[in-house]
Amino acid sequence: MTLEKTPPASAGPSSPSASSLAWARRRGSVARFWKEYRTHRAGLLGLAGLAFIALIALFAPLLVGGDVQSVTNAPGTALEKPSGEFPLGTDQFGRSLLGLLIWGARISLTVGLLAAALSVAIGTLVGVIAGHYGGWFATVIMRITDWFLVMPTLVLAIVLATVMSRSIWTVILAIGVTSWPTTARLVRAQTIAVESRPYIERARALGGGHGHIMSRHVLPNVMPLVLAQTTLGISSAILTEATLAFLGLGDPLIISWGGMLQDAREAGAVSSGHWWYLAPPGIAIAFVALAFTLCGRAIEAVLNPKLGVAR
């Protein structure tokens with residue numbers, strides 16, 4: 001008698017992997033964040049303004065061309081008033097101020113983003129390490145942080161920009177290494193709060209080392225705070241870059257909004273009443289700083305509803 005072999009049971013649908021579940025949770029978090037962010041009208045207004053400026057900066061070579069900075073091939077005469085040919089007038093070399101304003105958006109936004117990223121990266125590293133280890137090591141780190149905190153950021157940035165070569169990277173470095181203490185203190189406080197939670201004790205009991213706990217448990221929980229701090233730090237970085245350029249400490253070979261203000265001052269626009277030379281870059285700086293501030297406040301309100309930020 002032959003025995004019939006029963007066919008193997010068909011395998012059910014494969015269970016989702018851990019990585020796919022993690023990505024699904026991240027997508028859900030992003031969707032919930034955006035749903036809540038959309039309820040803040042000021043945040044949406046700031047985001048729309050930033051998107052507009054970013055598109056202008058991205059397509060600047062197509063909008064005005066690379067020769068807008070040329071002094072020898074300037075299309076107009078010196079200090080022309082706004083007209084149909086030059087909507088914002090011309091500078092002391094006859095260059096279109098509208099073209100310079102569009103081209104300068106690339107440098108100002110780049111400096112703001114990179115300087116804020118460097119500042120927040122330093123502050124996050126210092127804050128997480130100080131909050132995790134504690135003891136005398138954290139005390140020493142925080143005393144150094146307090147020293148940077150009480151020193152005027154602009155003065156330190158001016159010193160660094162003076163002793164180093166005049167370039168855009170010097171400005172980014174000067175802003176980044178002098179404006180991190182506030183982020184460090186905020187991240188340290190959040191790290192101490194996270195370290196007191198029960199799952200951190202379980203991670204230690206299961207053999208999790210310092211690097212595992214800081215990278216896999218602490219850092220993901222402080223990232224929302226870091227994101228909000230980055231958004232707020234960009235506006236400060238843009239204002240600091242404009243100040244350094246206005247003081248003549250920026251790169252003279254590049255066009256930025258702060259550099260345009262410095263050129264206007266050297267050309268005597270203040271005393272001679274050439275308002276069209278001063279107003280456009282000043283308004284652009286204020287507009288971008290306000291837009292980043294609105295976005296940062298909306299992000300803070302979404303991540304921490306207890307703040308009670310107006311919508």
Side-chain angles (χ1 to χ4, degrees), residues 40 42-43 46 50 108-135 137-161 170-196 214 218-244 247 249 258 285-286 288-309:
H40 294 266
L50 291 180
S108 295
L109 289 181
T110 300
V111 171
L113 291 171
L114 294 181
L118 176 60
S119 171
V120 170
I122 297 174
T124 302
L125 180 63
V126 172
V128 170
I129 291 176
H132 175 77
Y133 286 100
F137 180 71
T139 301
V140 173
I141 292 180
M142 295 315 297
R143 295 296 77 78
I144 297 174
T145 302
D146 291 340
W147 183 84
F148 274 95
L149 193 62
V150 298
M151 288 292 293
T153 301
L154 182 59
V155 173
L156 292 176
I158 290 174
V159 171
L160 287 177
T170 297
V171 174
I172 293 173
L173 184 64
I175 298 173
V177 301
T178 57
S179 56
W180 56 268
T182 302
T183 303
R185 295 194 67 86
L186 292 174
V187 171
R188 176 179 177 269
Q190 184 69 12
T191 299
I192 294 175
V194 172
E195 294 265 354
S196 64
M214 286 189 292
V218 175
L219 190 59
N221 283 280
V222 302
M223 282 308 295
L225 176 64
V226 171
L227 176 61
Q229 191 65 21
T230 302
T231 309
L232 294 173
I234 293 174
S235 60
S236 298
I238 291 176
L239 292 173
T240 305
E241 184 276 332
T243 304
L244 293 176
L247 295 175
L249 300 175
I285 293 170
V288 173
L290 176 62
F292 272 112
T293 302
L294 292 177
C295 290
R297 285 175 56 84
I299 291 174
E300 279 188 323
V302 172
L303 299 178
N304 187 4
K306 295 180 181 179
L307 292 175
V309 177

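Heavy-atom basis, side chains included; hydrogens, waters and symmetry copies ignored. If you read the sequence from its start, that first residue is 1, and numbering goes on from there.
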task: Determine, step by step, whether V128 and V187 satisfy the side-chain contact (heavy atoms from CB on, under 4.5 Å) criterion, reporting the C-alpha distance in whole Å, the side-chain angles of both residues, the deciding distance to 0.1 Å, and the verdict.
output: CA-CA 6 Å; V128 170; V187 171; 3.6 Å; yes
message: Show the nearest heavy-atom pair for residues L149 and P181, with the distance to one decimal.
response: CD1-CB, 3.8 Å
- prompt: Can L219 and T124 be said to form a side-chain contact (heavy atoms from CB on, under 4.5 Å), step by step?
  reply: CA-CA 9 Å; L219 190 59; T124 302; 3.9 Å; yes
field: Partner residues of A289 under the side-chain contact (heavy atoms from CB on, under 4.5 Å) criterion, sequence neighbours left out
entry: S235, L239
field: A291: side-chain contact (heavy atoms from CB on, under 4.5 Å) partners, not counting sequence neighbours
entry: L50
side-chain hydrogen bond (donor to acceptor under 3.5 Å, both in side chains) against S119, all qualifying residues, sequence neighbours excluded: S179
For the student: nearest non-hydrogen atoms of S108 and I238, plus distance: O-CG1, 3.7 Å
- request: Heavy atoms only: give me the nearest I175-A237 pair and the separation to one decimal.
  value: CD1-O, 3.6 Å
message: I'd like to check the side-chain hydrogen bond (donor to acceptor under 3.5 Å, both in side chains) partners of Q190; sequence neighbours left out, ordered by chain and number.
response: none
message: Would you compute the distance between atom CZ of R188 and atom CD1 of I129 and round it to the nearest 0.5 angstrom?
response: 13.0 Å
message: Would you compute the distance between atom CD of E195 and atom OH of Y133 and round it to the nearest 0.5 angstrom?
response: 10.0 Å
task: Could you tell me the separation between the CG atom of L118 and the CG atom of L173, rounded to the nearest 0.5 Å?
output: 6.5 Å
- request: Just grab all the salt bridge (charged side-chain N to carboxylate O under 4.0 Å, His left out) pairs involving residues 108-128, residues at least two apart or on different chains.
  value: none
field: Qualifying residues under side-chain hydrogen bond (donor to acceptor under 3.5 Å, both in side chains), relative to T153, sequence neighbours excluded
entry: none
- prompt: Atom CD1 in I144, atom OG1 in T139: separation rounded to 0.5 Å?
  reply: 11.0 Å
field: Of all pairs that satisfy salt bridge (charged side-chain N to carboxylate O under 4.0 Å, His left out), the ones with a partner from residues 139-151, not counting sequence neighbours
entry: R143-D146, D146-R185
- request: Sequence neighbours left out, what passes side-chain hydrogen bond (donor to acceptor under 3.5 Å, both in side chains) with T231? Give chain and number order.
  value: none
message: Would you compute the distance between atom OG1 of T110 and atom CD of E241 and round it to the nearest 0.5 angstrom?
response: 10.0 Å
message: If the condition is side-chain contact (heavy atoms from CB on, under 4.5 Å), which residues does L156 pass it with, not counting sequence neighbours?
response: F148, M151, T178
message: According to ring-ring contact (aromatic ring centres under 6.0 Å, His included), who are the partners of F137, at least two apart in sequence or on a separate chain?
response: none
- prompt: Got a second to check how far I299's CD1 is from L232's CG, nearest 0.5 Å?
  reply: 8.0 Å
message: Taking side-chain contact (heavy atoms from CB on, under 4.5 Å) as the definition, give me every residue that meets it alongside L294, ordered by chain and number, with sequence neighbours left out.
response: A42, L290
Heavy-atom closest pair, residues G43 and A298: CA-CB, 3.7 Å
task: Return the minimal non-hydrogen interatomic distance between I122 and G176, and the atom names on each side.
output: CD1-O, 4.1 Å
Minimum-distance pair of heavy atoms, taken over all atoms of I141 and V126: CG2-CG1, 3.3 Å
task: Please test T170 against L160 for side-chain contact (heavy atoms from CB on, under 4.5 Å), starting from the C-alpha separation and ending with a verdict.
output: CA-CA 8 Å; T170 297; L160 287 177; 6.0 Å; no
task: Step by step, work out the side-chain contact (heavy atoms from CB on, under 4.5 Å) result for I158 and L244.
output: CA-CA 7 Å; I158 290 174; L244 293 176; 3.7 Å; yes
